[in-house]
Number of protein chains: 2
Amino acid sequence: MEQTAWKVGELARRTGLTVRTLHHWEERGLIVPSRRTAAGHRLYDDRDVRRVYEVVALRELGLSLEAIAEVLAPDRDRLEGILSAHLTQVEARLVALRDLRTTLAALVAGLRNSTTPGPSDLMGLIDEVSKMTETFNNYFTDEQLAALEARRQELGEDTIRAAEREWPELIAAVQAEIDAGTDPSSPRARALAARWGELLESFHGGDPGLREGLYRMRDENADEVLSRGGPTDEQIDYVRRAGVTGV
Amino acid sequence: MEQTAWKVGELARRTGLTVRTLHHWEERGLIVPSRRTAAGHRLYDDRDVRRVYEVVALRELGLSLEAIAEVLAPDRDRLEGILSAHLTQVEARLVALRDLRTTLAALVAGLRNSTTPGPSDLMGLIDEVSKMTETFNNYFTDEQLAALEARRQELGEDTIRAAEREWPELIAAVQAEIDAGTDPSSPRARALAARWGELLESFHGGDPGLREGLYRMRDENADEVLSRGGPTDEQIDYVRRAGVTGV
DNA sequence: CTAGGAACTCACGTCGCGTGAGGTGCAAGC
DNA sequence: GCTTGCACCTCACGCGACGTGAGTTCCTAG
C-alpha cells in the first residue's frame with residue numbers, strides 16, 4: 001500500500017537532479033529525508049518530493065540556497081520580501097550587464113574595423129570607448145536608448161555591421177567628389193546624399209528625438225567624431241546641399 | 001632620479017586595489033613586480049603600473065583573470081577573439097537575466113495583490129506565473145517586447161503598479177453597473193468605459209501591434225485570463241457598447 | 001632600543017555543487 | 001556460500017577571485 005518511498009537514485013532520476021545535489025541540499029538543511037533504512041540509505045516520502053520541487057522552482061528564480069531555506073521555513077510570509085529584494089538585485093545586475101554589453105559591443109566593433117591598425121595601447125582604446133559610450137548615453141534618454149535597442153534587434157547585427165563598414169567608404173566617396181569639384185546638384189552627388197540619408201535613417205528610424213540627439217552629439221563633440229573617422233563639417237555641408245531632405 | 005618604484009601598499013592606494021588583490025594577481029602570473037628588495041619586498045616600476053591599469057580595465061569588462069592573462073600575453077592578437085567570445089556570453093546572460101526579471105516581477109506583483117490569499121502552494125504559483133509569462137511572450141515579437149520594456153521604463157514602476165491595482169476595482173465597478181441594469185450609454189457607464197480605455201492605452205501606448213496582440217491573447221486564453229481576475233466577455237461587451245473608441 | 005606600521009608567507013572560507021576515493025548493502029547467478 | 005555489479009554511503013578536494021586572519025620580519029622615527 002505504500003509506494004511512497006524513494007531512494008536518492010530514483011528521486012534524482014525523476015527530478016533531473018544529481019545524487020550529489022540532493023546530498024548537498026541535505027547538508028544545507030533544505031531537504032532532509034524523513035526516514036532512513038537500517039543501513040543508512042535515504043528514504044524520501046511524497047512530502048519530501050514536493051519540497052524538492054519547491055526548491056527546484058525557487059532555484060530557477062536564482063535564489064541562493066540560504067534564501068531558499070529561509071523561504072521554506074515554516075513562516076512563509078518571508079516569501080514576498082525575499083523575492084522582491086531578489087528582484088531589485090536582479091534589476092541592478094541587469095542594468096550593469098546592459099551597460100557592459102554596450103561597452104563590449106562598441107569595443108569589439110572598434111577593434112574589428114579599427115582605423116588604428118594594432119591596439120598596442122589597449123588601455124587607451126578601452127578608455128576611449130568607455131568615454132565614448134558614456135558621452136553617447138548623455139545625449140539620449142533611457143527611453144530613447146531602449147528604443148534604439150529595439151531597433152537594433154529588429155535590424156539584426158549583420159545589417160548594423162554592414163552599415164558601420166559602409167560609412168567610411170561613403171565618407172571617402174563624398175570627399176572624392178568634393179576634391180573633384182563635382183557640383184552638389186549632380187546626379188552622382190545626389191546619389192551619395194541619398195545613401196547618406198538612408199544610413200542615418202537606419203540609425204534613428206525616423207524618430208525625431210533620436211535624430212536630434214544624434215545631431216547635437218555630433219555638433220558638440222565634433223573633434224571626437226572626427227578623430228574616430230566621422231565626417232568633417234565640409235562633407236556634411238556638401239551632402240546637405242546635395243540632398244533634399246534635412247541631413 | 002628614480003621615483004619610479006612603488007611598494008605594494010602605495011600601489012594599492014594609488015590604484016584603489018587591495019594588497020591582497022595584487023598578491024593574488026601575482027600568484028596568477030598577471031602582475032609580477034620586476035624587482036624585489038633584499039628583504040623580499042615587492043618593487044613595482046612604471047611598466048608594472050601600466051600593466052596593473054590594463055588588468056583593471058580588462059577586469060571591468062568582466063573578463064576572468066585567465067582570459068586577461070591570455071590577452072596580456074605577448075601576442076595581443078587574441079584580444080578581439082576573446083572580447084567577442086566574452087560578448088556573446090554576456091549577451092546570453094543578458095537574455096536569461098531579462099527573462100528572469102520578467103518572471104520575478106510578475107511573481108512579486110502576483111503576491112502583492114494576490115486574489116488568492118496566502119500562497120500555501122508556492123510551487124503552483126510559480127508554475128502558473130512562469131506559464132503565464134511564457135504565454136505572454138508567445139503573443140508578441142521580440143521587438144514588441146522591447147517596445148513594451150521602453151514604455152514601462154517611461155511610465156515608471158509606481159504607475160504600473162497603480163494600474164494593476166486599479167483593474168480589479170474597475171472590473172468590479174463595471175460588473176456593478178451591469179447588475180444594476182444601468183444603460184451602457186449612461187454617463188456613469190461612459191465614464192467607466194473611458195477609464196477602461198485609458199488603462200488599456202497605458203499598456204499598449206497606441207501601438208496597433210501591441211493592442212492587437214493583447215486582444216488575441218485574451219481571446220485565445222479567455223479561461224486563463226478569467227481565473228486571474230480578468231474581465232468576462234459580458235463585461236468587455238458592456239464596455240464596448242458604452243465606449244466610443246474600439247476597446 | 002623600542003614602538004608600530006608595513007611588508008612578508010601560509011592557509012582557510014566563500015557558493016553550489018562535480019568528481020573522485022574508498023567502503024558497504026543488496027539482489028541475482030554460479 | 002561466493003562472486004559480480006550496481007546503488008548507496010561518507011569524507012574531502014577543486015573551482016574563481018579574492019577577504020580575512022595568523023604569525024613573522026622589515027623599516028623608520030623617536
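Predicted, not measured: the structure shown is a model, and the values here were computed from it.
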Spacing between A:Y44 atom OH and D:dA7 atom C1', to the nearest angstrom: 13 Å
Gap separating the CZ atom of B:R101 from the CZ atom of A:R93, nearest 0.5 angstrom: 12.5 Å
Heavy-atom side-chain contact between A:L200 and A:R211 under 4.5 Å: no
Short side-chain N/O contact to D:dA17 OP1/OP2 from B:R59, under 4.0 Å: no
Heavy-atom closest pair, residues B:G9 and B:V19: CA-CG2, 4.3 Å
Distance in angstrom units between B:E27 CD and D:dA17 P, rounded: 12 Å
side-chain contact (heavy atoms from CB on, under 4.5 Å) between A:R47 and A:R51, worked out: CA-CA 6 Å; A:R47 279 174 315 148; A:R51 232 177 122 87; over 6 Å; no
Min side-chain heavy-atom separation B:V8-B:Y44 under 4.5 Å: yes
Sugar-phosphate, base or nothing in reach of A:T37, heavy atoms under 4.0 Å: nothing
A:L72 side chain near A:L58 side chain, heavy-atom distance below 4.5 Å: yes
Any side-chain heavy-atom pair of A:L43 and A:P33 under 4.5 Å: no
Please write out each protein N/O paired with an N/O of nucleotides 9-11 of chain D under 3.5 Å, distance rounded to 0.1 Å.
| unit_1 | atom_1 | unit_2 | atom_2 | d |
| --- | --- | --- | --- | --- |
| D:dC9 | OP1 | A:R42 | N | 2.9 |
| D:dC9 | OP1 | A:R42 | NH1 | 2.7 |
| D:dC9 | OP2 | A:H23 | NE2 | 3.0 |
| D:dC9 | OP2 | A:R42 | NH1 | 3.3 |
| D:dC9 | O5' | A:R42 | NH1 | 3.2 |
| D:dT10 | OP1 | A:R36 | NH1 | 3.1 |
| D:dT10 | OP2 | A:R42 | NH1 | 3.1 |
| D:dT10 | OP2 | A:R42 | NH2 | 2.9 |

OP1 or OP2 of D:dG19 under 4.0 Å from side-chain N/O of B:T21: yes
Leading and trailing nucleotides of DNA chain C with any atom under 4.0 Å from heavy atoms of chain A: C:dG16 to C:dG25
Between B:S34 and B:D45, a side-chain donor and acceptor under 3.5 Å: yes
Separation of D:dC6 P from A:R13 CZ (nearest whole Å): 13 Å
B:R218, B:R216, B:E220 screened by side chain to side chain donor-acceptor pair (under 3.5 Å) with B:Y139, the one that passes: B:E220
Residues in contact with DNA chain C, drawn from residues 60-73 of chain B - heavy-atom cutoff 4.0 Å: none
Whole-Å distance separating the NE2 atom of A:H24 from the P atom of D:dA12: 17 Å
Within-4.5 Å side-chain heavy-atom neighbours: A:I82 and A:E70: yes
Side-chain heavy atoms of B:H24 within contact of B:L65, under 4.5 Å: yes
